[in-house]
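Just below is one structure, and these are the notes that go with it.
All chains are named by letter (A, B, ...) in the order of the sequence lines, taking the proteins before the strands, and each is independently numbered beginning at 1.
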There are 2 protein chains.
Amino acid sequence: MTDTSEAPRRRTTLKDVAIRSGVTVSTVSKVVNNRPDVGAEVRRRVLETIDLMEFRPNPVARGLRTQRSDTIAIVTDDLEGIFTTAMMRGVEDAASIAGMGVLLCNSYGEPEREAQQLRRLLDRQIDALIFMSGNRVGPRPDPALPIPGDVPVAYLYEYGSPDIPAILPDDEGGARLAVEHLAACGASSIAFLNGPREWEATGDRLRGYEVGLTHLGRSLDPGLIATSPSWTPEDGYHAMSQLLEQRPNLDAVFCGSDDLAVGALALLRDRGIDVPTEVQVVGFDDRSLAVHQRPPLTTVALPLHEMGVRAGELVLNPRHAVTEAPALDRVPCTLIERQSTRNQTS
Amino acid sequence: MTDTSEAPRRRTTLKDVAIRSGVTVSTVSKVVNNRPDVGAEVRRRVLETIDLMEFRPNPVARGLRTQRSDTIAIVTDDLEGIFTTAMMRGVEDAASIAGMGVLLCNSYGEPEREAQQLRRLLDRQIDALIFMSGNRVGPRPDPALPIPGDVPVAYLYEYGSPDIPAILPDDEGGARLAVEHLAACGASSIAFLNGPREWEATGDRLRGYEVGLTHLGRSLDPGLIATSPSWTPEDGYHAMSQLLEQRPNLDAVFCGSDDLAVGALALLRDRGIDVPTEVQVVGFDDRSLAVHQRPPLTTVALPLHEMGVRAGELVLNPRHAVTEAPALDRVPCTLIERQSTRNQTS
DNA sequence: TTGAAAGCGATACCAC
DNA sequence: GTGGTATCGCTTTCAA
């Protein structure tokens with residue numbers, strides 16, 4: 001095998017830099033960690049040598065000494081969850097500000113794997129831990145391994161023991177947002193095409209729908225609520241047709257997910273009902289498909305990135321937790337206006 | 001905040017064990033790494049102390065000394081890819097046999113991120129590297145950072161410079177499998193409902209379809225081939241209807257993906273055409289939805305797990321690469337027989 | 001402000 | 001077989 005890559009020549013160390021710049025390792029170390037007690041001229045010289053020699057401190061050695069790793073780990077049960085990436089980016093953004101890296105681990109939802117992963121992570125001196133659900137908010141059992149008290153922990157998109165702070169989306173508030181938007185756009189009969197009951201978020205969204213209507217001084221009509229047995233567009237399609245059967249005069253429908261909304265849109269199209277002039281539609285989740293619908297779907301966006309950021313900040317500044325201790329942090333959703341609802345200002 | 005977890009008491013070290021068992025650290029180290037040069041009695045005693053004290057060697061310290069991390073990293077461009085998890089499990093299985101752990105990193109498909117991640121990984125003394133595509137086989141640029149020659153590298157579900165071995169599914173062979181199965185099940189007019197041309201795998205599958213038919217001594221009929229503009233069931237539905245229009249007498253259809261097959265099944269159902277008595281259907285990928293179709297879908301399974309295993313073994317035994325140097329390893333697909341095709345033996 | 005030296009927790013070479 | 005000890009690369013008192 002002809003070797004195409006660089007020779008594996010020994011990496012330059014603190015000592016190399018020290019010798020080259022005519023000081024001792026102590027001094028170089030101070031410069032690297034930019035401590036104040038270093039003369040300006042010396043610092044300049046050392047810094048110069050550092051990037052001349054392309055020195056990067058060995059994190060393993062540093063870790064041995066400091067017992068830290070500048071790394072925070074995310075343990076998830078579902079890599080493929082459609083929300084993992086967005087949340088992870090949030091965590092990474094928060095982490096990188098603090099000069100930390102993020103590690104992702106998959107427990108496959110198996111406690112045994114989780115324990116194994118945690119053991120590994122803890123052995124590698126992880127500095128903080130975030131347990132994240134990939135696609136579904138809900139309760140979870142305690143970590144498969146007791147976490148040492150000096151490792152901050154948070155739940156993200158899931159929750160459990162009140163000892164561990166959790167970051168969740170404000171599904172209820174999001175649903176209210178949708179209802180209020182529809183009302184503001186002139187809808188008088190707003191239906192709710194809900195997702196499967198077993199999903200915790202659907203309960204929250206239903207509550208938001210009800211609270212929203214009530215708050216608007218409107219009455220609740222059970223005939224305006226349909227529950228789809230699944231999240232698929234197909235079932236959304238059927239549920240929408242039911243809804244129309246029960247309440248032919250409805251002029252708006254709030255869907256519990258974008259997928260359901262896709263189904264609803266399809267049915268409305270098949271029936272020759274125009275969106276948004278005859279019926280307005282709002283989805284939930286702001287999946288990428290929302291923008292590609294005809295018309296582009298107005299939807300409630302989950303604050304995934306922001307949730308990740310908060311989780312990251314939370315574990316990086318555990319002092320917050322001590323003082324404020326917000327066991328449950330509900331992050332507000334935002335409404336993304338597109339063309340499946342009428343413009344509020346027109 | 002009342003602390004519910006264990007006190008963070010200092011972890012037990014090699015030295016602790018040594019003292020407790022009345023030997024020196026050298027000896028304990030030997031036992032831990034089960035070196036032969038240790039007396040049976042001493043070994044027993046030390047081992048006993050080890051699990052009495054719940055000693056686990058500190059991988060950071062060990063890493064500093066050995067320059068290794070017992071960890072192999074996977075860098076993927078797509079965490080949410082529907083195939084990531086299965087391949088990752090394969091890698092993990094191969095790794096765990098060698099006592100290695102696996103780290104997953106997301107480059108988000110951005111070279112800059114990839115470079116950043118690689119820098120981090122290399123700094124942390126990763127022992128091997130696998131670049132993995134989450135959902136689509138295709139060529140990729142060289143690693144965003146030159147990889148030191150002593151770190152074995154492999155591509156998984158993607159490929160690039162011939163210096164780096166690649167593990168890919170044998171899409172062509174898989175397609176042949178499907179065609180041959182359909183023929184064996186008595187199909188005389190086998191259509192191919194292909195996916196979008198831009199996807200490399202569809203080309204391979206088309207070739208397999210053609211080679212398969214040719215090999216069976218059948219002629220190729222362009223009218224039996226449809227190309228769906230996307231992978232969605234909707235487009236599969238339409239393509240299937242086209243196919244029937246062009247060749248009303250077809251009695252089998254091989255679909256380029258399970259999703260397309262779902263669409264095809266839907267159309268056949270709508271048309272009142274029975275599967276498998278009138279038309280037999282085979283999918284590709286063996287997604288979980290295949291088994292839930294009516295009838296359950298016969299499909300060609302991608303050897304994802306096996307591919308992961310091979311990638312893992314490859315980077316763990318780079319000597320193989322030196323001698324055999326299989327730049328491209330095509331792993332055979334397997335046929336999963338279900339009820340959308342007629343039983344071969346009946 | 002700078003430097004000397006003691007670790008962090010393990011491995012490995014070399015005596016005994 | 002077992003033990004002493006230098007070493008991996010860096011951080012961190014503590015003196016100078």
B:T24 or A:P57: which one's nearest nucleotide on DNA chain D is closer to the 5' end?
B:T24

Of B:A61 and B:G22, whose closest DNA chain D nucleotide lies nearer the 5' terminus?
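The residue whose closest nucleotide sits nearer the 5' end is B:G22.
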
Describe the nucleic acid contact of [X] in one word from base, sugar-phosphate, nothing, applying a heavy-atom distance below 4.0 Å.
X: B:V42; value: sugar-phosphate
X: B:R43; value: nothing
X: A:S29; value: base
X: B:V32; value: nothing
X: A:V60; value: nothing
X: A:S26; value: base
X: A:D37; value: base

Do [X] and [Y] pair up side chain to side chain, a donor and an acceptor below 3.5 Å, judged on atom types alone?
X: A:T85; Y: B:E80; result: yes
X: B:R20; Y: B:T12; result: no
X: A:R35; Y: A:S29; result: no
X: B:Y108; Y: A:E92; result: yes

Walk me through whether A:R136 and A:D78 qualify under salt bridge (Lys or Arg N to Asp or Glu O under 4.0 Å).
CA-CA 10 Å; A:R136 175 174 184 161; A:D78 179 14; over 6 Å; no

Using modelled atom types only, decide if a donor and an acceptor are shared between the side chain of A:R89 and the backbone of A:T84 within a distance under 3.5 Å.
no

Tell me the interatomic distance from [X], atom [atom1], to [N], atom [atom2], rounded to whole angstroms.
X: B:L14; N: C:dG7; atom1: CG; atom2: C1'; result: 16 Å
X: B:R10; N: C:dA10; atom1: CZ; atom2: C1'; result: 14 Å
X: A:R44; N: C:dT1; atom1: CZ; atom2: P; result: 17 Å
X: B:Q67; N: C:dT11; atom1: CD; atom2: P; result: 13 Å
X: A:L64; N: C:dA10; atom1: CG; atom2: P; result: 9 Å
X: A:K30; N: C:dT1; atom1: NZ; atom2: P; result: 11 Å
X: A:R62; N: C:dG9; atom1: CZ; atom2: P; result: 18 Å
X: B:K15; N: C:dT11; atom1: NZ; atom2: C1'; result: 16 Å

Please list, in 5' to 3' order, the outermost nucleotides of DNA chain D lying under 4.0 Å from any heavy atom of chain B.
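Range of nucleotides touched by chain B: D:dG1 to D:dG9.
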
How close do B:R124 and B:S69 get, counting heavy atoms only, and between which atoms?
O-CB, 3.7 Å

Looking at A:A18 and A:T24, what are the two nearest heavy atoms and their distance?
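Smallest interatomic distance, heavy atoms only, reads CB-C, 3.6 Å.
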
If the helix axis at each end comes from five base pairs, how far does the helix from C:dT1-D:dA16 to C:dC16-D:dG1 deviate from straight, to 10°?
40°

Does the side chain of A:I164 reach to within under 4.5 Å of the side chain of A:P143, using non-hydrogen atoms?
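Sidechains of A:P143 and A:I164: in contact.
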
Strictly below 4.0 Å: does [X] bring a side-chain N or O up to OP1 or OP2 of [N]?
X: B:R35; N: C:dA12; value: yes
X: A:T27; N: C:dT2; value: no
X: B:T13; N: C:dG9; value: no

Within 45° of the ring axis of B:F131 and under 6.0 Å from its six-membered ring centre, is that where the NZ or CZ of B:R140 lies?
yes

